[in-house]
Amino acid sequence: KTDAGTKEPLNEVVYTLKRTDVPKDAEGNDLSDYLLKDSVEVKTGHNYQTIKLTDKSGKQTEESGQQISEKWTIQETGRNMEGKISITGLNWGTYVLTEKTELSGYKLEKDSDGNATNTHTYIIDANQLSVSHEETNAKNSVVLNKTSITDTALELNNKPLAGAEFEIHEGNNCGGEHTGCTKVNFYTSATDKNSQTNKVTTDSDGNVVIYGLPTDTSSDTAKKTYHLVEEKAPKGYILQTTPATLTIDRQGIVEIRKKSGNAEGTSVVSMQDEPIRIYVKKLGESGTDGLTGATFTLKDTCPKDESGK
């Protein structure tokens, strides 16, 4: 199991393994106890082997002490740290391997029909003594798109805004200055494992892509709430003080909260900034009558460094 972008191994992912075919005895009766009748948990990055359960005398036993035949289980033999689950010594039969908990920060992989691809069936017999497959997971992603407002007089029409700096805070009840929420780390590249950060800046297209926001895998309905907080406005624009809020569920599905309602199933967060405006009104001596024809010059009086910046 590997990261779809970085190709790094993904260890400690929990799966369940269970044998689904019921072996028969010599008379054709179902055997009540057999290898992996009950599912067992296995993890990527770990090696396992099958063993027979025996009592101190060496006889195969079940928990009640009654002697039975072919009572097996598996035990861990070591680590491989390669994202692999390696199991040796399985008896012939049909086995189902199911991902029990999705990785936090990753999307649940689905096929073209929308079915989850986290369950695999293997048949081990005389014609197929070993089986293997490779599986990749992609990080969840959210696109932040920063533009100007639409203002005909200022010739602005959703102009892309570069240079806006954002942090992402997690929590349901954020107070003033976003207290009560936690600043989170994320990735700015799907392929660069070293791109983890806690602050992003929009590019020349006004965009930034955020990867791998942590997800809550504790239940099917669990979601995490995030707030995109603008820390620095683009040059010439007013800082946006209202964060954009979104939720991500355990499958990586994004829901964006808006004042007019929620936009489900989209991963693009659109935010707009207003330009800084200066209003000048020229009055006569009375202080009430406006005067026309006055000409003004606007100068930048901010101190400059040696380079003139």
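Sequence positions, counted from 1, serve as the residue numbers for this chain.
- In this structure, Asp3 and Lys193 have side chains that are not in contact, with every pair of non-hydrogen atoms separated by 4.5 Å or more.
- Asn140 places a side-chain N or O within donor-acceptor distance of the main-chain N or O of Gly212, the cut-off being under 3.5 Å.
- Note: Lys146 NZ to Thr201 OG1 = 12.5 Å, rounded to the nearest 0.5 Å.
- Atom-to-atom distance recorded for Glu274:CD and Ile149:CD1 is 4.5 Å, nearest 0.5 angstrom.
- Residues Leu17 and Val14 fall into different hydrophobic clusters, defined by Ile, Leu, Val, Met, Phe, Trp and Tyr side chains chained together at heavy-atom separations under 4.5 Å.
- Residues Ile123 and Asp125 approach most closely at CG2-OD2, 3.7 Å, considering heavy atoms.
- Between the side chain of Thr202 and the main chain of Asn207, no donor-acceptor pair closer than 3.5 Å is present.
- The NZ atom of Lys224 sits 12.0 Å away from the OG1 atom of Thr247 when rounded to the nearest 0.5 Å.
- Both Tyr95 and Ile85 are part of a single hydrophobic cluster, where members link through side-chain heavy atoms under 4.5 Å apart.
- For the pair Thr215 and Gly105, the tightest heavy-atom approach, listed with the atom from each and the gap, is OG1-N, 3.0 Å.
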Between Glu12 and His46, is the side-chain hydrogen bond (donor to acceptor under 3.5 Å, both in side chains) condition met? List the steps.
CA-CA 8 Å; Glu12 304 303 320; His46 295 251; 2.9 Å; yes

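- Between the side chain of Tyr106 and the backbone N or O of Thr136, no donor-acceptor pair lies under 3.5 Å.
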N/O donor-acceptor pairs under 3.5 Å from side chains in residues 232-239, not counting sequence neighbours:
none

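- A donor-acceptor pair under 3.5 Å is absent between the side-chain atoms of Glu76 and the main chain of Tyr48, judged by distance alone.
- Contact check for Glu135 versus Leu10: no side-chain heavy atoms found under the 4.5 Å cut-off.
- Using a 4.5 Å cut-off between side-chain heavy atoms of Ile, Leu, Val, Met, Phe, Trp and Tyr, with links allowed through other members, Val142 and Val184 fall into the same hydrophobic cluster.
- At least one donor-acceptor pair under 3.5 Å links the side chain of Asn11 to the backbone N or O of Gly83.
- Between the side chain of Gln240 and the main chain of Gln272, a donor-acceptor pair closer than 3.5 Å is present.
- Side chains of His227 and Cys181 form a contact here, defined as non-hydrogen atoms less than 4.5 Å apart.
- Looking only at distances, a side-chain donor or acceptor of Ser189 sits under 3.5 Å from a matching main-chain atom of Thr191.
- Distance CD/Glu255 to NZ/Lys223: 4.5 Å, rounded to 0.5 Å.
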Does the side-chain contact (heavy atoms from CB on, under 4.5 Å) test come out yes or no for Thr197 and Phe186, once each step is laid out?
CA-CA 6 Å; Thr197 183; Phe186 48 88; 3.8 Å; yes

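- Atom OH of Tyr122 sits about 10.5 Å away from atom CD of Gln128, to the nearest 0.5 Å.
- Summarising the geometry of Thr77 relative to Gln49, their closest heavy-atom pair is CG2-CG, 3.5 Å, with the distance given to 0.1 Å.
- Counting heavy atoms from C-beta outward, Phe166 and Val229 have side chains that stay 4.5 Å or more apart.
- By the side chain to side chain donor-acceptor pair (under 3.5 Å) test, Thr16 is found to be paired with no residue, residues two or more places apart in sequence or in another chain being considered.
- Between the side chain of Thr94 and the main chain of Asp21, no donor-acceptor pair closer than 3.5 Å is present.
- Following chains of ILVMFWY side-chain contacts shorter than 4.5 Å, one can reach Leu298 starting from Val280, so the two form part of one hydrophobic cluster.
- By the neighbour-count criterion of 12 heavy atoms within 6.0 Å, atom CD of Glu8 is densely surrounded, having more than that number from other residues, nucleotides or ligands.
- Paired with Tyr15 under the rule side chain to side chain donor-acceptor pair (under 3.5 Å), one option of His120, Lys1, Lys100 passes, and it is Lys1.
- Between the Lys84 side chain and the Met81 main chain, no donor and acceptor come within less than 3.5 Å of each other.
- Using a 4.5 Å cut-off on side-chain heavy atoms (C-beta onward), Asn137 and Val13 make no contact.
- Distance check, rounded to the nearest 0.5 Å: OG of Ser130 to CG of Leu90 gives 11.0 Å.
- In terms of modelled atom types and a separation under 3.5 Å, the side chain of Asn158 and the main chain of Thr147 share no donor-acceptor contact.
- Val200 places none of its side-chain heavy atoms less than 4.5 Å from the side chain of Ile168.
- Across every non-hydrogen atom of Leu213 and Ile210, the tightest pair is CG-CG2, 4.0 Å.
- Of all non-hydrogen atoms in Asp205 and Asn145, the two that sit nearest each other are O-ND2, 3.9 Å.
- Evaluation of the side chain to side chain donor-acceptor pair (under 3.5 Å) rule for Tyr187 yields no partner, not counting sequence neighbours.
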Go through the steps for Thr6 and Lys139 under the test side-chain contact (heavy atoms from CB on, under 4.5 Å), then give the verdict.
CA-CA 10 Å; Thr6 65; Lys139 294 183 180 73; 4.1 Å; yes

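- Under the 4.5 Å side-chain contact rule for hydrophobic residues, Ile124 and Val96 do not share a cluster.
- Considering all non-hydrogen atoms of both residues, Thr242 and Met271 come closest at O-CE, 3.9 Å.
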